[in-house]
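Inspection log for the structure reproduced underneath, given as structure tokens.
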Number of protein chains: 2
Amino acid sequence: MKKKILVVDDETRMRILLSDFLTAEGYEVIEASNGREAMNTFCSMPGIRLIILDVMMPELNGWQVCEEIRTISDVPILFLTAMSSENDEIKSFICGADEFIKKPFSPSVLVLRVNALIKRIYGEEDIIEKGMLRIDRTCNMVWETHDLIELSQTEFKLLMYLIQNEHAVLSREQILDNVWGFQYDGTDRTVDTHMNRLRIKLKKSNHYIRTIRGIGYMFEVM
Amino acid sequence: MKKKILVVDDETRMRILLSDFLTAEGYEVIEASNGREAMNTFCSMPGIRLIILDVMMPELNGWQVCEEIRTISDVPILFLTAMSSENDEIKSFICGADEFIKKPFSPSVLVLRVNALIKRIYGEEDIIEKGMLRIDRTCNMVWETHDLIELSQTEFKLLMYLIQNEHAVLSREQILDNVWGFQYDGTDRTVDTHMNRLRIKLKKSNHYIRTIRGIGYMFEVM
DNA sequence: TACAGCTGTAACAATTCTGTGACAAAGGTA
DNA sequence: TACCTTTGTCACAGAATTGTTACAGCTGTA
């Protein structure tokens, strides 16, 4: 699924410019022409990954919108401003901005910084591909070469932990701590049972999960 | 009804390329190989929603066509040009262009920009089609392959929210906030009940609404 | 008033998930 | 081989989640 970016600017031309470049880069752009509209859109549309916010706007200005957003969300915010005083920059960071770009700016540089920011904040991609497996972290779904595999929450978390530690041998204790949590105090044979269930569901790719006798398990695509 | 796009270029290869990509995207493409033909076609065929115009053409060039079109219509115009000087870009905007793409370009990027331009100019569709569902937002009516489905207000709003967030997993809390409003403070099981009512009414298409156990619901046409 | 449709809630049913124990199978060693 | 350790597999009971239904309150209308 495309990552959504909310662009907030009262100038139509600026919204169009940003929208074009970001859309071409593969983002889904949602536009708002003022602070009030931005707040409404942000609250009603889930999954917005980044807000690009003009400082100078009528009614609510950028800083005010930023403060209001910060009361409900930690979504990354990138400020766009025509002014360039150092105070403004400091003010932006104080009220919770993650980036700050001065107008005029080069659109391609802005795209680069947007990409970098999103990668920095969200880290991994939403879609992970390993061998014949495709995993969508946003909706807990896994496909094995086009076939949807339905995993329970525990199985999904277990698979994610294995994949994130590919090539590493993981003890049952490590797995329990990270998938079940430190407070868990059951048998470590529970891990074996779930590993078995996972292997059954990963029909063709179950050999990715290897047993390391005497130690634990390891995920490896070969 | 499909949206008509007039593609004007003297190179046959280019017309075919554009026509293929835009047709695949669901547009109806009308071709013209020079400025004069473009003017004639535009005047004789009503309902053209966008013109893609090559700048370098024999007889009437793109800018001249654009100026002539602008005397009779505000239809959005997208320029395509092999040249890349900043002056040309400025000249294009002055004579009334809405977009400007330099050759060579990626056809899929062009399609994205065409979609964005049309959406921006004409706004959202009143009629939404998803799989076997047809939804008219102006009168809150829904059809499932010719059969009218009578939904209550809540059910309609719920369906719209699901469709507007297709492919996204929505938690019960998100759904309550957006369909019922933030001030609502009942059980989140209300969502389940309404989801059930919706599924009963969407007889043949109720599998579009998927339960994501432990998380919430997701709308997806497959 | 009577009535019909819509809504939210609670209760119960159905389904799915989870951890555990028991036993089978496999691996390793003397 | 015999023996012990480790892992795989399965069944089951209880927990958690979701589906479904009934019902009471509410609204607007005839």
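Per chain, numbering begins at 1; letters A, B, ... match sequence-line order. This one's a predicted model, so the numbers in the text were calculated from it and none came from an experiment.
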Side-chain donor or acceptor of B/R49 paired with backbone N/O of B/L6 under 3.5 Å: no
Applying the side chain to side chain contact (heavy atoms under 4.5 Å, CB included) criterion to B/V7, which one of B/L80, B/L17, B/L22 satisfies it? B/L22
Rounded to whole angstroms, how far apart are CG on B/L198 and P on D/dG19? 13 Å
Just how far, in rounded Å, is P of C/dG19 from CD1 of A/I175? 14 Å
Please give, in whole Å, the distance from C/dG8 C1' to B/Q183 CD? 14 Å
Identified side-chain hydrogen bond (donor to acceptor under 3.5 Å, both in side chains) partner of B/R172 from the options B/D177, B/D188, B/D192: B/D192
Please compare B/D188 and A/K201 by the position of their nearest nucleotide in DNA chain C and report the one closer to 5'. B/D188
Output yes when A/K130 and A/E166 qualify as a salt bridge under the 4.0 Å nitrogen-oxygen rule, no when they do not. yes
Taking B/T187 for its side chain and B/R189 for its backbone only, find out whether a donor-acceptor pair lies under 3.5 Å. no
Distance test, side-chain N/O of A/W180 to OP1/OP2 of C/dG19, below 4.0 Å: yes
Starting from C1' on C/dT20, measure out to CG on A/L176 and report it in whole angstrom. 13 Å
Near DNA chain D, under 4.0 Å by heavy atom, which residues of residues 146-161 of chain A? none
A/K201: what forms a side chain to side chain contact (heavy atoms under 4.5 Å, CB included) with it, not counting sequence neighbours? A/I149, A/L151, A/E155
Is a side-chain N or O of B/R199 found less than 3.5 angstrom from the main chain of B/I209, in a donor-acceptor match? yes
C/dG19, OP1 or OP2 - any side-chain N/O from A/T187 closer than 4.0 Å? no
For the side chain of B/R210 and the backbone of B/M218, is there at least one donor-acceptor N/O pair under 3.5 Å apart? no
Scan side-chain atoms only and decide if A/N115 and A/Y27 contain a donor-acceptor pair under the 3.5 Å cut-off. yes
Atom-pair distance (CG on A/N140; P on C/dT16), nearest Å: 17 Å
Within the sub-3.5 Å range, which N or O atoms of nucleotides 8-13 of chain D have a protein N or O partner, and how far apart are they?
from, atom 1, to, atom 2, distance (Å)
D/dG8, OP1, A/R199, NH1, 2.9
D/dG8, OP1, A/T211, OG1, 2.5
D/dG8, OP2, A/Y217, OH, 2.6
D/dG8, N7, A/R189, NH2, 2.8
D/dG8, O6, A/R189, NH2, 3.3
D/dT9, OP2, A/N196, OD1, 2.9

Distance check needed: D/dG19 P versus B/R210 CZ, whole Å only. 13 Å
Measure from NE2 on B/H194 to C1' on C/dT9 and round the result to the nearest Å. 11 Å
